[in-house]
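Atoms within each ligand, like the ligands themselves, are counted from 1 in listed order. Keep in mind that the numbers below use all heavy atoms, side chains included, and drop hydrogens, waters and symmetry copies. This is a predicted model, so every value here is computed, not measured.
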Amino acid sequence: MENSVALSLQSRALIGSEKLGRRESGFVRFGNGVFEEKAFQTIRVGDQRSKRASIRSGIPDAKISCCCKKSTGHENFHISVDEALILKRKSEDVFSYLNGRCIYLVGMMGSGKSTVGKILAEVLGYSFFDSDKLVEQSVGMPSVAQIFEVYSEAFFRDNESEVLRELSTMRRLVVATGGGAVIRPINWRYMKQGITVWLDVPLEALARRIAAVGTASRPLLHEESGDPYTKAFARLTALAEQRGDAYANADARVSLEDIAAKQGHEDVSALSPTTIAIEALLKIEMFLTEKSKVRNSASIQG
Ligand SMILES: Nc1ncnc2c1ncn2[C@@H]1O[C@H](COP(=O)(O)OP(=O)(O)O)[C@@H](O)[C@H]1O
Ligand SMILES: O=C(O)C1=C[C@@H](OP(=O)(O)O)[C@@H](O)[C@H](O)C1
């Protein structure tokens with residue numbers, strides 16, 4: 001991405017009426033109990049000044065929204081009053097520890113990076129970005145699938161790295177990265193400017209989710225034959241093996257199996273995105289408090 005090229009970054013979850021600080025109230029309408037994606041912000045990559053100014057100012061006329069329905073319109077995730085309150089309290093705790101640092105969500109395709117990322121952005125008063133969407137915009141194509149087809153995976157990966165580099169200069173963002181962003185060490189350098197969080201979801205659950213929405217938008221899953229679940233599962237298994245421990249570089253790991261066990265569920269499909277967002281905040285808090293303890297004891301010793 002060259003500076004001269006005017007590219008547009010879109011943030012789909014900046015849903016607050018305040019100017020990117022803490023939202024004091026109204027992030028959820030309890031009566032309805034679902035979130036709805038409402039507002040988006042456009043900023044230009046390549047023009048750092050307008051980008052930062054735009055991010056600082058937020059969206060003056062954005063409405064506080066109460067429920068978040070995915071843009072596909074197929075799913076509603078219900079959220080209880082209790083969960084909404086825990087989410088709000090935990091976000092307030094974590095907000096000060098974060099001190100403006102960005103959150104990068106990593107994980108396999110379908111692990112919920114976008115779904116959970118939008119919730120985190122909303123409660124923290126951060127902007128949400130999906131790195132796949134930013135690559136699409138920077139290349140000027142409507143889908144990642146098309147970029148793979150017309151150019152190549154390598155071309156997509158180069159642009160993905162460039163997008164992550166740009167984002168790494170910014171603050172107060174939640175970024176849903178593409179599932180393969182973890183394979184390039186340079187991307188870790190960019191993402192480690194913020195806090196990295198791995199959404200660790202069992203492959204069966206991923207395959208079920210992806211089969212439900214289809215593989216058309218995910219070119220790496222599109223080649224296999226067979227029914228949607230079987231082909232998604234086979235390809236995800238191969239990708240997970242290739243990627244090995246790459247996801248484990250993340251600062252915090254959110255294991256859906258662990259949350260399900262803790263809550264007495266047999267299956268991770270019982271876990272709502274809100275429950276997962278709460279766990280992500282807990283893990284971020286643990287990581288940051290641990291880090292500051294280590295720093296403090298090092299400064300006492302030295
Ligand atoms: N906790 C969850 N339970 C059930 N389905 C989910 C959950 N989180 C996400 N999904 C669904 O899984 C699919 C992939 O989620 P998405 O957030 O797009 O993943 P990613 O951004 O990691 O590719 C979407 O259809 C989404 O609605
Ligand atoms: O795992 C991967 O290599 C990919 C994941 C996709 O992102 P999501 O994880 O958002 O589906 C997208 O970047 C591309 O299709 C490649």
Rounded to the nearest 0.5 Å, what's the gap from [atom1] on [X] to [atom2] on [Y]? Could you check?
X	Y	atom1	atom2	result
E285	S96	CD	OG	8.5 Å
F129	S114	CZ	OG	13.5 Å
I103	L173	CD1	CG	10.0 Å

Go through ligand 2 atom by atom and flag the ones less than 4.0 Å from a non-hydrogen atom of [X].
X	answer
K113	8 (P), 9 (O)
L220	2 (C), 3 (O), 16 (C)
F156	13 (O)

Heavy atom of G107, distance to ligand 1 below 4.0 Å: no

Contact check, A176 vs ligand 1, heavy-atom distance below 4.0 Å: no

Can we say [X] and [Y] salt-bridge, meaning some charged N sits less than 4.0 Å from an Asp/Glu carboxylate O?
X	Y	result
E153	R157	yes
D93	K88	no
K192	D251	yes
E279	K262	yes

Geometry only, no angles: is [X] polar-contacting ligand 1 at N/O separations under 3.5 Å?
X	result
G112	yes
S269	no
I276	no

For ligand 1, which atoms, with element, lie under 4.0 Å from some heavy atom of [X]?
X	answer
T115	9 (C), 15 (O), 16 (P), 17 (O), 26 (C)
V213	25 (O)
S114	17 (O), 21 (O)
L271	1 (N), 2 (C), 3 (N)

Look at [atom] and say which protein heavy atom is nearest, naming residue and atom and giving the distance to 0.1 Å.
atom	result
atom 11 (O) of ligand 2	R218 NE, 2.9 Å
atom 15 (O) of ligand 2	P219 CD, 3.4 Å
atom 14 (C) of ligand 2	V144 CG1, 3.8 Å
atom 1 (O) of ligand 2	R243 NH1, 2.8 Å
atom 6 (C) of ligand 2	D132 OD2, 3.5 Å

From D267, D200, I276, L206, residue fulfilling side-chain contact (heavy atoms from CB on, under 4.5 Å) relative to L256: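 Among D267, D200, I276, L206, the one meeting side-chain contact (heavy atoms from CB on, under 4.5 Å) with L256 is I276.
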
Under 3.5 Å: N/O of G178 near N/O of ligand 2: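 No; every N/O pair is 3.5 Å or more apart.
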
Distance-only N or O hit between ligand 2 and G179, under 3.5 Å: yes

T275 and E83: side chain donor to acceptor below 3.5 Å: yes

R157 heavy atom under 4.0 Å from ligand 2: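 R157 counts as a contact of ligand 2 under the 4.0 Å cut-off.
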
Part of D130 with heavy atoms under 4.0 Å of ligand 2, whether side chain, backbone, both or neither: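 None of D130 does.
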
Of all heavy-atom pairs between [X] and [Y], which one has the smallest distance, and what is that distance?
X	Y	value
R172	F95	NH2-CZ, 4.1 Å
V116	L105	C-CD1, 4.3 Å
S168	Y190	CB-O, 3.4 Å
G178	K113	C-CE, 4.3 Å

Proximal candidate to atom 22 (O) of ligand 1 [heavy atom criterion; set M109, K113, R218, R209]: K113

